[in-house]
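Comments concern the structure below.
Letters A, B, ... are given to chains in the order of the sequence lines, protein chains preceding strands, and every chain is numbered from 1.
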Amino acid sequence: MSIAVINVEEIFSGIYFIEYEDGRKVLATKNLTPGHTVYDEKLVKWKGEEYRVWNPYRSKLAAAIINGLKEVPITKGSKILYLGIASGTTASHISDIIGKSGIIYGIEFAPRPLRDLIKVSEIRKNIAPLLKDARLPHEYSYIGETVDVLYADLAQPFQAEIFIRNAKMFLKPGGYGLIAIKARSIDVTRPPEEIFEEQKNILENEGGFEVLEGVRLDPYARDHIMFRMRYNI
Amino acid sequence: MRMWIFVTYPGVIAISDGFKEYLFKPFGDEKPDADKAAKALLDLEKNKMIDELREIVQKIKDSTIKVDSESFARLLRSEFPDLDIEIIDGGKELLKAREHVSRIYVEIFGSYEKYVEFASRVSAEISKAKVAEAGERRDLMIIRAVTISEDLTKMINTLVSHVREWYGYYWPELGKEIEDHELYLTLVSELGRVENFTEENLRKYIKNEKLIKAVLKAKSDRVGISITDRDIEMIQHIARRTLDLYKDKERILEYLDELMQEAAPNIRALIGSVIGAKLIRKAGGIGELAKMPSSTIQILGAEKALFRALHGKGTPPKHGIIFQDPRIFKAPWWQRGKIARALAGKLTIAARVDYFTGEYIGDELLRDLERRIEEIKKKYPKPPIKKKEEKKPRPPPKGKKPHKKRKKKGKKR
């Protein structure tokens, strides 16, 4: 029924490129819960393992990886604090990567998508869904520990500030930050490049982050950028 | 001694400053229990003191206690007024202490994996309870948002007509050429005096070449009175503020759409955010709307016509708020009642699903509705002739065409 898979190559820890017979390559992660899908992603079987195809149009992290992110700080056993987790499309792939010895604390403000995430977390037991406002990190202080990676996809005008506030409370010194910034949610009138530069300055000067790289997410998400950062405090 | 206190998923942890010692009181007897943990953390969120926390504080009340937020400090003080509390709400010191919490998790559960499973379960329990709670009152936000958007529209219209009159003393011809309010306000606020309406400047705001020519012609035809710089400055100021209101309205509509997507996705899919919100407002909430029969939803907002009909004057209304949907008001009059009935039927299902289960079935509902509307259009392509002659006593109330006699049945909302 479909085109045969000819190769699966691991490009980062837990992240794979699946190569099809016709030369097409798609991103994928190894399914932590074989047989289950989370959204409408495709499942691919290869050498006794099941992979979930990771759609860059649905997930900004996938878009960043396809567009050449040099390193992915998320690996097996990582602890993640995810701001703006929504219904868990991206998070489900992170959940595949980190495995059962890692955890995602997923913060979402809207009850509706969180309802779907709760269902996902019942099968994927490394996701802790939290109906919270990312602007008020002390309200989820009961996470208790620090995390290795702070990931944010909030589409909010003060995202960088919110990111910094959360880092101060939960991000391990020397840990990593990943933030997807949508130019249009900060200011619709100014050119995106200018906004990205400004946000980068906020993160570096006020947050103690060192921006290691910035990857534009076009054409998968228009006028978006993802920064990979190290937390140097 | 100085002690950190953290309330965590498995229980309350106190760690000494050098991180050498720690105290742990689980939620549950001896071992952490997921249900008890969820209950305790929910209580804590409501700023209620919990036993486990009280017990730990009792043991260390002579130490300086370090906490990570003002609200947590307040809770402790409410029960232990003499406590020496230090608030450290971020930074290296807090993060270092937290790093040790991970180690304690492993000690409590034997492995980090077991902690992960526990935390995920407790978190899901808490979130479930909160989703149920939050779902209930989101409709209040919806009602507020739609009302504000309507009021903004009114304010905008009033101000636009002021600006048009006001600037019109100076240059009456411009108003005739520029019908679009936003464009008019932009031109007035950005360009001001007539001299600035050069071809080059106009190009910045107008794409349509014909319109540019028309404005330039209006410029040469100008017969308005002369005004001072102070006058023009004030006009420009108000024009700018009115444009801001347009932006506010756009923002509130976006917000409304988010709310509807969250709390009433099926209603939104069927009839759109704005009309859907108006229905919710008229009913008094999503729950109320969900409990209404379809026939009531159909005429919601047409109570005046309904009660007039019940008193024996005029015909009963076929549609209320839902008339604002183009599928009804653009349809020929003899189809409107039928379409309104079909739409109201689907809306009733949508409201109930939104309120009671929260699943998304909007696409199927919409597909069914469209199929039914097609059917109506095919089946009744022509107006019914004889019924019109039989009853034509007086002009119908505005927007509503007479209809054949319907069974008399009072429906109070």
Which atoms of Leu95(B) come close to chain A, meaning under 4.5 Å heavy atom to heavy atom: side chain ones, backbone ones, both, or neither?
both
Within residues 162-181 of chain A, the residues sitting under 4.5 Å from chain B by heavy atom, in sequence order, are Ala167(A), Lys168(A), Met169(A), Phe170(A), Leu171(A), Lys172(A), Pro173(A)
Under 3.5 Å, side chain of Ser121(A) to main-chain N/O of Ala124(B), donor-acceptor pair present?
no
Where does Ile233(A) contact chain B at under 4.5 Å (heavy atoms): side chain, backbone, both or neither?
both
Minimum heavy-atom separation for Asp68(B) to Ser141(A), with atom names?
OD2-OG, 2.5 Å
Does the pair Lys128(B)/Glu122(A) count as a salt bridge with the N-to-O cut at 4.0 Å?
yes
Expected output: side-chain Arg98(B) to main-chain Thr146(A) donor-acceptor under 3.5 Å
no
Parallel, tilted or perpendicular: which fits the ring planes of Tyr9(B) and Tyr142(A), with parallel below 30° and perpendicular above 60°?
perpendicular
Rounded distance [0.5 Å steps], NZ in Lys130(B) versus CD1 in Ile118(A)
11.0 Å
My understanding is that only residues two or more places apart in sequence, or in another chain, count here; which of them pass ring-ring contact (aromatic ring centres under 6.0 Å, His included) with Phe24(B)?
none
Give, as side chain, backbone, both or neither, the part of Tyr105(B) having an atom under 4.5 angstrom from any heavy atom of chain A.
side chain
Atom pair OG/CG of Ser71(B) and Leu136(A) - distance to nearest 0.5 Å:
9.0 Å
Interface moiety of Pro10(B) toward chain A, non-hydrogen atoms closer than 4.5 Å:
neither
Does any heavy atom of chain B fall under 4.5 Å from the side chain of Lys79(A), the backbone, both, or neither of them?
side chain
Please report the interatomic distance CZ(Phe72(B)) to CD(Glu139(A)), rounded to the nearest 0.5 Å.
13.5 Å
If you count heavy-atom pairs within less than 4.5 Å of chain A, which of Tyr112(B), Phe118(B), Phe6(B) leads?
Tyr112(B)
Looking at Lys132(A) and Glu45(B), does any basic side-chain N land under 4.0 Å from a carboxylate oxygen?
yes
Region of Glu70(B) in contact with chain A, defined by heavy-atom distances below 4.5 Å
neither
Just verifying a value: how many Å separate Ser120(B) OG and Ile127(A) CD1, rounded to the nearest 0.5 Å?
7.5 Å
